[in-house]
2 protein chains.
Amino acid sequence: MKKSEATRLSILQKSFELIYEKGYQTTSIDDILATTQVTKGAFYYHFKTKDEMGLAIINELLKPSFANTFMNPLNASGDPVKIIYDMMYSILMKNEFMKVEHGCPASNFTQEMAPWHSDFTKALNELSEEWKNAIVQCIKNGKKAGSIRADVKPEQVAVFIMSGYWGIRNVGRLNNSKSVYLTWLKQLKDYLHSLQ
Amino acid sequence: MKKSEATRLSILQKSFELIYEKGYQTTSIDDILATTQVTKGAFYYHFKTKDEMGLAIINELLKPSFANTFMNPLNASGDPVKIIYDMMYSILMKNEFMKVEHGCPASNFTQEMAPWHSDFTKALNELSEEWKNAIVQCIKNGKKAGSIRADVKPEQVAVFIMSGYWGIRNVGRLNNSKSVYLTWLKQLKDYLHSLQ
DNA sequence: GTAAAAAAATACCGGTTAGTATCTCTTATG
DNA sequence: CATAAGAGATACTAACCGGTATTTTTTTAC
């Protein structure tokens, strides 16, 4: 009951990396088997279908890691301007898992799955909503504390910031260079200050 | 020499719509043949491979239409704040081809192709660069005319705005509702005014 | 230690994919 | 109207895909 958990997790983790690099649809079961050194029998013992595995990746790997990287920083107390900027800087510039040429796993999943798999889209929408709400809360706190102007609409700002992040990941992939991240971050800082 | 051009164009146009709705990789040649009522012989007479057709779609359909919708409005003279906002409003809310559930074709292509096809990525990066430069120019004009503050960095602003657009398309697909477009547009307006 | 259940290995299947080879029809030109 | 090239139709293939059936090995419980 222990080693089997290990192979299951190994399948999930390696698949996650592979899918992050190659895309979900272009990563075949055989690809996964080749890199994990797991046989088909083992794979299908743990997962009924490829999509079930995909969903497990989202729920068991993506969500927790998302919570760590995207949510936790926002729960800190202090000036939202600093909190949000630092979070974005850390996600874009310091995170070692995410590569500029591959973008953001959550965003990639979304874009790739949206046209044809509503279960995935739903799961990913939850992520996105959680993030937005966390940003909203962070800004509301700032308004209460007086570091953010009273007329600022938290919801609007959250959507605006979030969109910018998804977008700059897209641009980063196109340019294949982190320098656009820095350009974006500079303007994000100016924008955030305009809320003070 | 006339009818053949028509079938070629018909293949491109129908494929474009199909790919826009279903994604490039999940749209098979047979799908295309079924909807275009064209036979495989005809298809492969006009295009050597599926990817060649994909590139033709980008260069012959996407680029010109992009120029119309995304570039032309920026060449108008006047206040960049109004020009840029009106353009975004028109792209997001008034364009009849683009559906919220399918996002923006240029963005979809990018996300889907990036991991495995550098030719596509290159072509799409050109689009993105052109758009950015057009926004940069528009803002520079505004600075000269005095409607935009002197300390505003056009390049940064352009990247920031562009990213927001790619991103809100992503969010729109997740939410499957245009209401996030309106939320984003409101904040875009505030942001643009902060540049005055 | 052995039997039962869990986990994994192997071989295979039907369907789909992009692409090809070959044949036929159409059209433009003399 | 003949003919040759242009355009399109048909039938096929080889590789790959996700998934299954069956067997073998490993682990757990007694």
Side-chain angles (χ1 to χ4, degrees), chain A residues 1-58 60 109 112-121 123, chain B residues 1-58 60 109 112-120:
Chain A
M1 220 50 160
K2 208 62 176 298
K3 202 199 161 204
S4 95
E5 268 304 303
T7 61
R8 190 194 133 94
L9 200 63
S10 150
I11 292 172
L12 285 179
Q13 285 170 337
K14 292 270 187 182
S15 300
F16 187 30
E17 280 182 53
L18 220 55
I19 289 168
Y20 172 54
E21 287 163 18
K22 293 191 29 162
Y24 181 82
Q25 316 192 53
T26 39
T27 300
S28 70
I29 305 273
D30 287 334
D31 285 339
I32 293 167
L33 303 181
T35 58
T36 52
Q37 302 271 49
V38 159
T39 63
K40 212 159 227 188
F43 181 94
Y44 278 100
Y45 174 80
H46 289 288
F47 307 101
K48 267 225 290 286
T49 63
K50 186 189 180 185
D51 284 358
E52 189 180 292
M53 182 210 60
L55 235 67
I57 288 178
I58 293 179
E60 296 172 40
F109 262 109
E112 208 184 340
M113 307 297 183
W116 56 282
H117 205 306
S118 59
D119 280 354
F120 282 70
T121 309
Chain B
M1 224 47 164
K2 208 64 177 295
K3 203 199 159 204
S4 93
E5 268 303 304
T7 60
R8 190 194 131 95
L9 199 64
S10 150
I11 292 172
L12 284 180
Q13 284 170 339
K14 292 270 187 181
S15 301
F16 187 29
E17 279 182 52
L18 220 56
I19 289 168
Y20 172 52
E21 286 163 18
K22 296 190 28 163
Y24 180 82
Q25 315 191 55
T26 39
T27 300
S28 70
I29 305 273
D30 286 334
D31 285 339
I32 293 168
L33 303 182
T35 58
T36 52
Q37 302 270 48
V38 160
T39 62
K40 211 158 229 188
F43 181 93
Y44 278 100
Y45 173 79
H46 289 289
F47 307 102
K48 268 225 291 283
T49 64
K50 186 188 179 185
D51 284 359
E52 188 179 294
M53 183 210 59
L55 236 69
I57 289 178
I58 294 180
E60 296 171 41
F109 263 110
E112 208 183 341
M113 309 295 185
W116 54 283
H117 206 308
S118 60
D119 281 353
F120 282 69

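Below, chain A is the first sequence line, B the second, and so on; all start at residue 1.
At least one side-chain heavy atom of B:M53 sits less than 4.5 Å from a side-chain heavy atom of B:I32.
Residues from residues 10-29 of chain B lying near DNA chain C, meaning a heavy-atom separation below 4.0 Å, are B:T27, B:S28, B:I29 in numerical order. Remark: B:T39, B:K40, B:G41, B:A42, B:Y45, B:H46 in residues 38-53 of chain B come within less than 4.0 Å of DNA chain D through at least one heavy atom.
One finds a side-chain N or O of A:T7 lying less than 4.0 angstrom from the OP1 or OP2 phosphate oxygen of C:dA8.
In this structure, CG of A:L33 is placed 12 Å from C1' of C:dT10, rounded to the nearest angstrom. To the nearest angstrom, P of D:dC16 lies 16 Å from CD1 of A:I32. In this structure, B:Q37 atom CD and D:dA9 atom P are separated by 10 Å, rounded to whole Å.
The side-chain hydrogen bond (donor to acceptor under 3.5 Å, both in side chains) test applied to B:E60 returns B:R8, not counting sequence neighbours. Scanning for side-chain hydrogen bond (donor to acceptor under 3.5 Å, both in side chains) contacts around B:Y24 gives B:D51, with sequence neighbours left out. Here B:K40 pairs with B:D30 under the side-chain hydrogen bond (donor to acceptor under 3.5 Å, both in side chains) rule; sequence neighbours left out.
Sorted by first and then second residue, the side-chain hydrogen bond (donor to acceptor under 3.5 Å, both in side chains) pairs with a member in residues 13-23 of chain A read A:K22-A:D31; sequence neighbours excluded.
The aromatic rings of A:F43 and A:F47 sit tilted relative to each other, their planes meeting at an angle between 30° and 60°.
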Exercise for review: Would you please test B:T26 and A:H117 for side chain to side chain contact (heavy atoms under 4.5 Å, CB included) and show each step?
Suggested key: CA-CA 12 Å; B:T26 39; A:H117 205 306; over 6 Å; no
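The minimum heavy-atom distance linking A:A123 with A:I58 is given by the pair CB-CG2, 4.0 Å.
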